[in-house]
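Starting from 1, each residue takes its place in the sequence as its number. In each ligand, atom 1 is the first atom listed, and ligand 1 is the first ligand listed.
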Amino acid sequence: MEKIIVNGGRPLVGSVEVSGSKNAAIPIILATLAVDDVCVIENVPSISDISLSLEILAAMGCRIRMLSRNTVEVDSRGAKGGISPYELVRKMRGSYYLVGAELGRWGKAYVGLPGGCDFGVRPIDQHIKGFKALGAQINVESGYIDAKADTLQGTSIYFDVETVGGTINVMIAAARAKGTTIIENAAREPHVVDLANFLNTCGAKITGAGTDTIKIKGVDHLCGCTYAIIPDMIEAGTYMCAAAATGGHLKVTNVIPKHMESVSAKLEEMGVKIIENDDSIEVISTGVLNRVNVKTAPYPGFPTDMNPQFGALLCLANGVSCLTESIFNNRFRYVEELKRMGASIKVDGATAIIEGGQSMSGAPVKAVDLRAGVAMIIAGMAIKGRTEIEDIHYIERGYDDVVGKLRAVGADIKKVIVPDAAQFEKAN
Ligand code: EPU
C-alpha cells in the first residue's frame with residue numbers, strides 16, 4: 001500500500017508550475033478517437049486518468065507514442081468502435097466521452113458505465129437525452145451503454161442542468177453529425193472551450209463555447225492536428241490554497257489568471273494578498289485568514305472541485321465559515337477525515353459549518369476522493385504533527401507529481417510504500 005506522509009508546520013515558499021488540465025485532457029484525448037487521423041497533444045498531465053485513457057485507446061486499436069513526458073501522439077486511423085475494454089472504462093468517470101466519439105465516427109458505441117469519484121448520485125440522463133435528440137437509439141443495460149444511429153442529425157438540445165460532461169459528450173458526437181446542432185444551457189467551463197478549440201483545430205465548426213449556447217455545424221471528416229491543453233485551474237487553485245494555509249509565499253506559474261477569478265477573490269476576502277501576472281499568480285500570506293462564506297456554482301462561479309481544499313483552509317480561519325455545495329449531493333465525505341485532525345465542522349444538508357481556529361494536529365486519514373485527498377495534504381502541511389494519508393491512488397488520478405512539486409517549495413512530504421498486513425504475513 002502506498003501512503004503520503006506529511007510533517008506539517010512549514011510555509012510553502014517559491015515557485016510551482018501547474019500542469020495541463022485533467023478535465024480538458026481527458027475529453028481531448030478520448031475525442032481523438034473521433035478523428036480518423038494523427039493528433040499530437042501537448043501539455044498533457046502525467047496522471048493515472050490519462051494513462052488509463054491512453055490504455056483504453058490502445059485497446060481500441062489506436063497507436064500511441066509518448067513523444068515526451070507531456071506530449072502524446074495518437075494515431076486513430078486503425079481504431080475500431082464498439083470494443084471499449086470494460087475493466088478499464090469502469091475505472092474512470094470521463095470514459096463516457098467514448099460514447100460521443102464512437103457515435104460520431106462509427107454511428108455506434110458500446111461502452112461500460114463510467115466509474116470515478118463517489119460524491120453522490122452522478123446520472124448521465126442529459127448525455128443520453130442529447131444523443132437521442134441527435135437520432136441515436138440508446139439502451140442502458142447490464143452495465144453498458146449501447147448506442148446506435150444510422151445518421152446523427154443536428155438538432156436543438158436544451159439541457160435541464162448545466163452539465164460539463166453532457167455538453168462535451170454531445171459536442172463531440174455533433175461535430176460529425178449532419179447539419180447544425182445547438183446546445184442551450186451549455187456548461188461554460190474553460191475545459192468545454194478547450195475541447196471546442198481542439199475540435200475546431202481538427203476542422204470542426206463550433207462557435208459559442210464558453211457561453212450558454214453552443215452551435216456546432218457538423219462536418220464529414222476531422223483531420224489530425226497538434227494541440228496544447230490549457231493549464232489546470234483546479235491544480236492551480238489547490239496550490240494557491242496550500243500557500244494561504246501554510247502562511248507561505250508561492251508563485252503559481254502556467255496559469256490563466258482569468259480562470260482563477262472566483263478562487264482569487266475568495267482568498268483576497270480572507271486577507272491573502274494576490275498578485276496576478278500574465279500567466280502566473282503570486283499568493284502571499286499576510287498572517288491573517290478571515291472567515292468567509294463560500295458557495296460552489298458552475299463556472300464562472302466557485303468550482304465544486306475546490307470545495308474540499310477550501311474546507312481544509314477554512315478550518316484555519318478566525319471564525320465560523322459556511323461552505324455550501326450546490327453541484328453534487330455528497331461532497332462532504334472528507335469532513336470526517338478533517339475531524340480526525342481536530343477540525344470542528346458540522347454538516348447541515350448542503351452546507352458545512354466550519355468553526356475555524358481549533359487546535360488541530362496531524363493524524364492518519366484517508367483520501368476519500370481526488371480533491372478530498374489534496375485537502376488532507378493541505379491540512380497536513382498547515383498544522384503541526386505527522387499526517388499519514390491512505391488511498392492516495394485517488395490523488396494520483398488528477399495531480400501530476402504533487403509530492404515532488406510540494407517538496408520543491410519546502411513541504412516535508414513524501415510517498416512511502418507500506419506492506420499491507422496480508423502481504424506482510426505472507427512474506428513472513
Ligand atoms: N447531472 C445530471 N445529469 C447528467 C449529468 C449531470 O443530473 O446527465 C448533474 C450532476 O449530478 C451534477 C451536475 O449535473 O449535479 C453537474 O455535473 P457535470 O455533468 O457537470 O459533472 P461531470 O461531467 O460528471 C465534471 C468533472 C468533475 C467536476 C464536474 C463539475 C470530468 C471528468 N469531471 O464531472 O471533475 O466536478 O464536471 O465541474 O471532467 C474532479 O476533477 O475532481 C471532478 C470530479
Quick one: does ligand 1 sit under 4.0 Å from the side chain of Gln126, the backbone, both or neither, non-hydrogen atoms only? both
Sub-3.5 Å N/O-N/O distance, Glu189 and ligand 1: no
Presence of salt bridge, Asp401 and Lys415, under 4.0 angstrom: no
Ser68 and Thr71: side-chain donor and acceptor closer than 3.5 Å? yes
Are any of the N/O atoms in Leu370 less than 3.5 Å from those in ligand 1? no
Hydrogens and angles aside, do Thr304 and Asn307 bring a side-chain donor and acceptor to less than 3.5 Å of each other? no
Considering only NZ, NE, NH1 and NH2 on the basic side and carboxylate oxygens on the acidic side, decide whether Arg188 and Glu162 come within less than 4.0 Å. yes
Going by atom types only, do Glu102 and Ser84 share a side-chain donor-acceptor pair under 3.5 Å? yes
May I ask you to decide whether Asp305 forms a salt bridge with Arg331, counting only side-chain N to carboxylate O separations under 4.0 Å? yes
Examine Ile26 against ligand 1 and note whether any of their N/O atoms are separated by less than 3.5 Å. no
Could you check whether Arg333 pairs with Glu336 (Lys NZ or Arg NE/NH1/NH2 to Asp/Glu carboxylate O, under 4.0 Å)? no
Between Val161 and ligand 1, is there a nitrogen or oxygen pair with a distance under 3.5 Å? no
Check the surroundings of atom NZ in Lys339: do more than 12 heavy atoms from other residues, nucleotides or ligands lie under 6.0 Å from it? yes
Give a yes/no verdict on whether any heavy atom in Phe159 is under 4.0 Å from an atom of ligand 1. no
Which of the ligand 1 atoms, numbered from 1, are nearer than 4.0 Å to a heavy atom of Val164: 18 (P), 19 (O), 20 (O), 37 (O), 38 (O)
Side chain or backbone of His127 under 4.0 Å from ligand 1, or both, or neither, by non-hydrogen atoms? both
Looking at ligand 1, does any of its N/O atoms fall within less than 3.5 Å of an N/O of Thr304? no
Taking the non-hydrogen atoms of Pro123, is any one of them nearer than 4.0 angstrom to ligand 1? yes
Is ligand 1 under 4.0 Å from a heavy atom in the side chain of Ile234, in the backbone, in both, or in neither? neither
Can an N or O of His191 be found at a distance shorter than 3.5 Å from an N or O of ligand 1? no
